[in-house]
Each structure stands twice: as structure tokens, then as C-alpha cells.
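Worth knowing before you read on, the calculation uses all heavy atoms, side chains too, and leaves out hydrogens, waters and symmetry mates.
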Amino acid sequence: MANDKGLIVSFGEMLIDFVPTASGVSLAEAPGFLKAPGGAPANVAIAVARLGGHASFVGKLGDDEFGHMLAGILKENGVTGDGILFDQGARTALAFVTLRADGEREFMFYRNPSADMLLKPEELNFELIRSAKVFHYGSISLIVEPCRSAHLKAMEVAKDAGALLSYDPNLRLPLWPSPKEAREQILSIWEKAEVIKVSDVELEFLTGNDSIDDENALTLWHSNLKLLLVTLGEKGCKYYTKNFRGSVEAFHVTAVDTTGAGDAFVGALLTKIVDDQSILEDEPRLREVLKFANACGAITTTKKGAIPALPTESDALALIKGA
């Protein structure tokens, strides 16, 4: 059983992505849609479980067909559901995601408000959160109350219990009242995280500077950080620690849909470091882990939808071996 591994608890939203059956069209032009389970924190939890790790998800779903379907998908994929709640008064969130011809995405969200936004601090499973070795979260749960307070409380409880805090802001600008509010709120919890992953686009957004270089990346550094990662899509990733920095090349695959690639990357990294954080201070070992994480991210882009595309360890090792 994977359960002898350290527990990685993922906090935040889970929703249904509706993906057009045809690529490269606008939402209005799409002939039909496939429903795909999504939500970055849930994707990370499933990525961890699929790689043989021990994962749990904390969040709220609608007490509706979609909510129960999502809870079932977590369970089928080996993610423990002790942190899942159902709201009888609100629906599970929906997102329509259109894939442009280049595999990049555009979003339209239905959250008015959705169940995940209504999670209250007093509803949290504190016992579960205290048992986490790694506590992972994004920024969508910071947008509105009461979920924002639940997020801050969960972070505080996890930190007090000795968990490593992992943050992937996962910027979704259409969900925020304004870009200014998004930047302020994302950075409001910045100093707490010990592992942070941003994409090149998020780096530009958060720094207000479009140069993807070390100097700009290091403006996001803070003294509590153990590892700062900047993912660069087909160009791989850059890493920064207190003592060293560098980059790791990507694997070249034919990208169909980039949804979930960052979540697969994060899940792979967390699975490898949860029981041995000394990797974060050992550059050769960290580079091996990031190579594995890059492979997991690359594989995820080769199929439509995030969760169906998340790889197993053997999938990733086969890509590394064949490269």
C-alpha cells in the first residue's frame, strides 16, 4: 500500500471542465463538449496518488450529480476523501475551457457562488490537516470569503503541525475582481510558503516585468523559501534555492492539451520530496527529481483533459529512458 508514504494534503477547488470536442475553435463555435474533472489542487492530489504517493483532498463540492461524480473520481484514483464536504445550497463549479489551435487555453467560469467558495474554517477536518507532511494549495481559494478564511486557517494549522507548505498560485484572471486584487491576494500569503511553483506567465504577472531571467525570478524570493520553481513549458524549468540555482530541460512531445501539466509537475515533485526534504539541499538529486517532474508534465500534455492524462511512475521513467 502507498499509505506508508508521507501524506500530501491538497486544499482548494475541484470542478468540471467542459472541453470542446474540436480544438482550435471558440466556445461559441464548439460543436460539443466533453466533461473533464479538473481544479488544480484536485489534479495535484490525483497526480500524487497515480505516482504511488499518499494524497488527500480538502474542499467543498455541491451536493449534486457533478459533486458526487468528482468525489467518486478522487476515490477511484486513490485519493482519500476525509476532507471532502458537500454543500446542499450551492452547485459544483463549472468551467468551459477552449483549446486554441496551439493547445493553449481560454476559460469561462460558472461560480455564482459555487460550493468550493463556501467552505468555512469551522468545517475543516483539522485532524487530517495536522497529519499532512506536505500541505499544498493555490490562490483561487483566496478570492472570496468564507473560503479565504478557511484557506488561511488550514495553512496555519498545517504549518503549526510541521507540514511543508507548497504553493502554486495557478493564476486564473477571469475569476478575480481585478488584476490588482489578484496580485495583492496571491502575494498576501507569499512569505509563508516553503516551496513555490510559478509559470513564466505568472512570473511576468506577479513582478510586472516581462523578462524571464534569474534577476526577475529572484525578486520573488523570500527567507522562508526552500525552493522556487519557474516552469517554462517546452523550455523546461528553472530552480532556485538558498545555495544554488539552475535549469532542467524539458522533454519534447506533441502537445494536444496543456491542461494539468503544471499540476502533474507539482505532484511529481511533492511525491519525491515528501519523505526526504534533504533533496531540496542536494542539487544533483534535486535535478533528477525535476527531470522526473518535467517528464510527468510533458506526458500530461499529450492527451485531452488533465486527470485522464496524468502519468504513472512507469510512464515517466519510460519517457526519460527513451529521451
Side-chain angles (χ1 to χ4, degrees), residues 1-14 39-59 74 77-84 124-141 150-170 189-198 222 224-229 231 237 239-242 260 262-282 285-286 288-290 292-293 296-297 310 313 316:
M1 277 294 288
N3 293 1
D4 55 347
K5 305 255 176 82
L7 177 64
I8 297 167
V9 171
S10 219
F11 174 94
E13 71 284 351
M14 189 176 193
N43 293 344
V44 169
I46 292 174
V48 167
R50 202 162 286 175
L51 292 167
H54 183 195
S56 195
F57 175 74
V58 172
L74 287 168
N77 281 281
V79 176
T80 61
D82 309 346
I84 298 171
L124 293 166
N125 180 337
F126 291 119
E127 194 184 342
L128 174 69
I129 293 166
R130 286 190 188 100
S131 61
K133 271 201 173 175
V134 172
F135 185 73
H136 175 76
Y137 46 89
S139 70
I140 288 171
S141 39
H151 180 140
L152 298 176
K153 183 66 181 172
M155 267 172 59
E156 179 194 327
V157 169
K159 181 68 185 153
D160 287 350
L164 180 81
L165 298 188
S166 162
Y167 187 18
D168 175 0
N170 191 41
I189 58 168
W190 201 257
E191 309 281 314
K192 301 260 197 297
E194 294 154 286
V195 173
I196 293 177
K197 191 258 328 165
V198 291
H222 64 78
N224 288 329
L225 260 181
K226 294 179 177 174
L227 177 63
L228 172 65
L229 294 158
T231 52
C237 68
Y239 59 88
Y240 304 88
T241 74
K242 286 187 176 74
D263 304 325
F265 177 94
V266 171
L269 169 75
L270 298 180
T271 304
K272 292 293 186 190
I273 66 169
V274 62
D275 291 314
D276 187 0
Q277 290 180 29
S278 70
I279 290 168
L280 300 174
E281 291 156 23
D282 182 337
R285 285 162 71 214
L286 179 61
E288 281 303 305
V289 166
L290 293 176
F292 178 77
C296 291
L310 294 168
E313 182 152 32

Any side-chain heavy atom of [X] sitting closer than 4.5 Å to one from [Y]?
{"X": "Leu128", "Y": "Val58", "answer": "yes"}
{"X": "Val289", "Y": "Arg285", "answer": "no"}
{"X": "Thr241", "Y": "Glu281", "answer": "no"}
{"X": "Lys159", "Y": "Glu194", "answer": "yes"}
{"X": "Asn170", "Y": "Glu13", "answer": "yes"}
{"X": "His54", "Y": "Val274", "answer": "no"}
{"X": "Phe292", "Y": "Glu313", "answer": "yes"}
{"X": "Leu269", "Y": "Leu227", "answer": "yes"}

Rounded to the nearest 0.5 Å, what separates atom [atom1] in [X] from atom [atom2] in [Y]?
{"X": "Ser141", "Y": "Leu152", "atom1": "OG", "atom2": "CG", "result": "9.0 Å"}
{"X": "Leu270", "Y": "Leu164", "atom1": "CG", "atom2": "CG", "result": "7.5 Å"}
{"X": "His151", "Y": "Ile189", "atom1": "NE2", "atom2": "CD1", "result": "4.0 Å"}
{"X": "Leu225", "Y": "Leu280", "atom1": "CG", "atom2": "CG", "result": "10.5 Å"}
{"X": "Thr80", "Y": "Asn125", "atom1": "OG1", "atom2": "CG", "result": "9.5 Å"}
{"X": "Leu229", "Y": "Cys237", "atom1": "CG", "atom2": "SG", "result": "6.0 Å"}

I'd like to know if the side chain of [X] and the backbone of [Y] have a donor-acceptor N/O pair within less than 3.5 Å.
{"X": "His222", "Y": "Ala193", "result": "yes"}
{"X": "Ser10", "Y": "Pro41", "result": "yes"}
{"X": "Lys5", "Y": "Gly52", "result": "yes"}
{"X": "Asn224", "Y": "Glu191", "result": "yes"}

Minimal non-hydrogen separation, [X] against [Y], with atom names:
{"X": "Ala264", "Y": "Cys296", "result": "CB-O, 3.6 Å"}
{"X": "Asn43", "Y": "Leu310", "result": "O-CD1, 3.6 Å"}
{"X": "Ala55", "Y": "Val48", "result": "CB-CG1, 3.8 Å"}
{"X": "Asp263", "Y": "Ala40", "result": "OD1-CB, 3.4 Å"}
{"X": "Phe57", "Y": "Val79", "result": "N-CG1, 3.7 Å"}
{"X": "Ala158", "Y": "Leu165", "result": "CB-CD2, 4.2 Å"}

- Task: If the plane angle is over 60° it's perpendicular, under 30° parallel, otherwise tilted; pick one for Tyr167 and Trp190.
- Result: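 If you compare the ring of Tyr167 with that of Trp190, the planes turn out perpendicular.
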- Message: Is there a side chain to side chain contact (heavy atoms under 4.5 Å, CB included) between Lys153 and Phe126? Walk through the geometry before answering.
- Response: CA-CA 10 Å; Lys153 183 66 181 172; Phe126 291 119; 3.8 Å; yes
- Apply side chain to side chain contact (heavy atoms under 4.5 Å, CB included) to Leu74 and Ile84, showing your working. CA-CA 10 Å; Leu74 287 168; Ile84 298 171; 3.4 Å; yes
- Results of ring pair (Phe, Tyr, Trp, His ring centres under 6.0 Å) for Phe265 - residues two or more places apart only: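 Expected list: none.
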